**Student:** 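My questions all concern the structure below.
What you are looking at is a predicted structure, and each value in this text was computed from that prediction instead of being measured.
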Amino acid sequence: MLDFFAHTHKHRLEREARKKSEKTKKEETLVNIEEVRSDQKERTVEAPREQPGSRRTAEMRLLYGKGAAMIHGMETALQMNFDRNLDVRQPKPWPNMPFKVIFDR
């Protein structure tokens with residue numbers, strides 16, 4: 001009986017040590033969103049080096065050929081319609097809770 005309790009105690013200590021190591025690994029993988037910087041360029045007061053939208057227009061011309069202007073116009077109209085509806089209806093962000101729910105904290 002004493003061997004059983006010793007074995008159980010040893011197993012409990014190993015399990016707690018494993019949980020602590022997993023917790024520290026998890027904390028290492030978490031990223032503070034405040035510290036993350038995207039690939040944004042520094043702000044400047046200089047004029048743009050190229051005409052705004054010229055890269056997008058060239059890409060559209062490469063992809064769609066002669067119909068690029070019509071497709072670009074359709075995409076713009078669709079985006080403007082979406083933005084207008086977003087401003088008018090002001091929907092709630094979805095989902096309002098994370099997909100991965102953890103209750104053991």
**Student:** Please name all residues satisfying side-chain hydrogen bond (donor to acceptor under 3.5 Å, both in side chains) with Glu50, sequence neighbours left out, ordered by chain then number.
**Tutor:** Arg55
**Student:** Running the 4.5 Å side-chain criterion over Ile, Leu, Val, Met, Phe, Trp and Tyr, what cluster does Leu62 land in, apart from itself?
**Tutor:** none
**Student:** Tell me, please, which residues at least two apart from Phe5 pass side chain to side chain contact (heavy atoms under 4.5 Å, CB included).
**Tutor:** Met1
**Student:** What is the distance from atom NZ of Lys10 to atom CG of Leu13, rounded to the nearest 0.5 Å?
**Tutor:** 10.0 Å
**Student:** Looking at Arg56 and Glu59, is there a salt bridge between them, counting it only when a charged N and a carboxylate O are closer than 4.0 Å?
**Tutor:** yes
**Student:** Does Ala77 offer a backbone N or O that forms a donor-acceptor pair with the side chain of Asn81 under 3.5 Å?
**Tutor:** no
**Student:** Measuring from Ile71:CD1 to Thr76:OG1, what's the distance to the nearest 0.5 Å?
**Tutor:** 11.5 Å
**Student:** Output the distance between atom CG (Leu78) and atom CE (Met80), rounded to the nearest 0.5 Å.
**Tutor:** 11.5 Å
**Student:** Atom CD in Glu16, atom CD in Glu14: separation rounded to 0.5 Å?
**Tutor:** 11.0 Å
